[in-house]
Amino acid sequence: MRTVYLNGEYLPENEAKVSIFDRGFLMADGVYEVTSVLDGKLVDFDGHAVRLERSLTELGMKNPISKEDLLAVHRELVSLNDVVEGGVYLQITRGAPADRDFVFPDPETTPCTVVLFTQSKPGVTESAASKNGIKVISIADERWGRRDIKTVQLLYPSMGKMMAKAAGCDDAWLVEDGQVTEGTSNNAYIVKGNRIITRALSNDILHGITRAAVLRFAKEAQMEVEERNFTIEEAQGADEAFITSATMFVNGVVEIDGAMIGDGTPGNVSKRLREIYLDESMKKAI
Ligand code: PMP
């Protein structure tokens, strides 16, 4: 049984209890982060801590835990649960007031709820998805307008995954005003020659921690990076397509709405970026 963290305590997972009045439960009033673990170490912990701080600030919540303490909790959980490959999930909600109310509770009397748990995924770097690539469908992006805040409102992304599954695919790319925003839980890219194209940062997409790292590595490897919108049609005609996320790293996309991309296997650029990303992440993991 896993040991999890709840509001300052390490507990067996079945003893960690959160109130039914918690605003995370009633109103999706909370934010989260997922930090990948490779070789028992945290990948880009700093990036996740910085984005967490930003998400909390955007929602008018005060960070209840310092970066140093957060790092210590991450490390303790990885160690207690013997995680070698996998991740640490962190969620902070606006806490549990005495009753349900749209008005935010007073933070002085209603402390935030802080939850962390680990997920073990042995062999994640050698997954079938990484070897074969994934197939995606496109669906309308019907999420709210502040996708740059990493909130726990994941119903539409979750529905998107189910639509993809029903269509015999792995994931969905979200489309707004004819342009791809991102995947349900990842950032989306296409490759044309030596050029990597991905949507620019704005409130329309999550500012992926993996995205930032991969674009940096791509530039260092003399690839061209173009941050702009693209359509599903352009993606279907591209040389390659891929996604990035903390849990999937860099992963080739081999089919979009039934159209095969390249030769139907992950392309060379995405394979190379995946290798660089994994190598560099292992080196810098803490
Ligand atoms: N976009 C969305 C909508 C996501 O949910 C995620 C993963 N949380 C990402 C992009 C990728 O972000 P990261 O690289 O920080 O995992």
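Just so it is clear, the model here is predicted, and its values are computed rather than measured.
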Any pair counted as salt bridge (charged side-chain N to carboxylate O under 4.0 Å, His left out), so long as it reaches residues 68-79, sequence neighbours left out = none
Knowing that exactly one of T247, D171, N251 qualifies, which makes a side chain to side chain donor-acceptor pair (under 3.5 Å) with N186?
-> D171
Between F242 and Y189, how do the two ring planes meet: parallel, tilted or perpendicular, split at 30° and 60°?
-> parallel
Connected via hydrophobic side-chain network under 4.5 Å: V191 and F217 = yes
According to the salt bridge (charged side-chain N to carboxylate O under 4.0 Å, His left out) rule, which pairs have a member within residues 180-194, sequence neighbours left out?
-> R143-E182, K192-E234
Any pair counted as salt bridge (charged side-chain N to carboxylate O under 4.0 Å, His left out), so long as it reaches residues 237-259, sequence neighbours left out = K135-E255
Validation row: I137, M163 side chains within 4.5 angstrom (heavy atoms) = yes
Under the side chain to side chain contact (heavy atoms under 4.5 Å, CB included) test, residues paired with I256 that sit two or more places apart | V136, W173, I232, A235, Q236, A241, V253, I261
Would you indicate whether the side-chain heavy atoms of V18 and L6 approach each other to under 4.5 Å?
-> yes
Applying side chain to side chain donor-acceptor pair (under 3.5 Å), run through K131 and T265 and close with a yes or a no.
-> CA-CA 8 Å; K131 291 204 172 67; T265 65; over 6 Å; no
Does a side chain donor of either E53 or N63 reach within less than 3.5 Å of an acceptor in the other side chain?
-> yes
Heavy-atom distance under 4.5 Å between the side chains of V37 and V43, does that happen here?
-> no
Close side-chain approach of V269 to I196, heavy-atom, < 4.5 Å | yes
Flag side-chain contact, heavy atom, 4.5 Å: S120 against E85 | no
Who pairs with N7 by side chain to side chain contact (heavy atoms under 4.5 Å, CB included), at least two apart in sequence or on another chain?
-> T113, V114
Could you go through residues 26-35 and list every donor-acceptor pair under 3.5 Å that involves a side-chain atom there, pairing it with any protein atom two or more places apart or in another chain?
| unit_1 | atom_1 | unit_2 | atom_2 | d |
| --- | --- | --- | --- | --- |
| D29 | OD1 | R94 | NE | 3.2 |
| D29 | OD1 | R94 | NH2 | 3.1 |
| D29 | OD2 | R23 | NE | 2.7 |
| D29 | OD2 | R23 | NH2 | 3.1 |
| D29 | OD2 | R94 | NE | 2.6 |
| Y32 | OH | K150 | NZ | 3.1 |
| E33 | OE1 | H48 | ND1 | 2.8 |
| E33 | OE1 | R51 | NE | 3.3 |
| E33 | OE1 | R51 | NH2 | 2.8 |
| E33 | OE2 | R51 | NE | 2.9 |

Pick from T244, L273, V214, V124: which one makes a side-chain contact (heavy atoms from CB on, under 4.5 Å) with F249?
-> V124
What's in the same ILVMFWY side-chain cluster as I205, cut-off under 4.5 Å, chained through other members?
-> L201
Ion pair D141/R147, N-O distance below 4.0 Å | yes
Could you tell me which non-hydrogen atom of N187 sits nearest to which non-hydrogen atom of R211, and how far apart they are?
-> OD1-CB, 3.7 Å
Can you tell if the side chain of L56 reaches within under 4.5 Å of the side chain of I92, non-hydrogen atoms only?
-> yes
Going by distance alone, is a donor N or O of one side chain under 3.5 Å from an acceptor N or O of the other, for D204 and T181?
-> no
Going from NZ on K161 to OG on S158, what distance comes out if it is rounded to the nearest 0.5 angstrom?
-> 9.0 Å
The complete set of salt bridge (charged side-chain N to carboxylate O under 4.0 Å, His left out) pairs with one or both residues in residues 276-286, sequence neighbours excluded, reads E280-K283, E280-K284
Is any side-chain heavy atom of I149 closer than 4.5 Å to a side-chain heavy atom of L59?
-> yes
Taking ILVMFWY side chains as joined if any heavy atoms are under 4.5 angstrom apart, and letting links pass through other members, which residues group with M162?
-> none
So which of Y89, Y10, Y5 actually passes ring pair (Phe, Tyr, Trp, His ring centres under 6.0 Å) with F117?
-> Y89
Residues sharing V84's hydrophobic cluster, by side-chain heavy-atom contacts under 4.5 Å among ILVMFWY, directly or via others?
-> none
K67: salt bridge (charged side-chain N to carboxylate O under 4.0 Å, His left out) partners, not counting sequence neighbours = D46
salt_bridge(E13, R2) N-O dist < 4.0 Å = yes
Answer yes or no: does atom CE of M260 have more than 12 heavy-atom neighbours from other residues, nucleotides or ligands under 6.0 Å?
-> no
Here the ring pair (Phe, Tyr, Trp, His ring centres under 6.0 Å) pairs for residues 258-286, sequence neighbours left out, are none
In Å and rounded to the nearest 0.5 Å, what is the CD1 to CZ distance from I197 to F230?
-> 8.0 Å
Could you check if a side-chain atom of R195 sits within less than 4.5 angstrom of a side-chain atom of M223, using non-hydrogen atoms only?
-> no
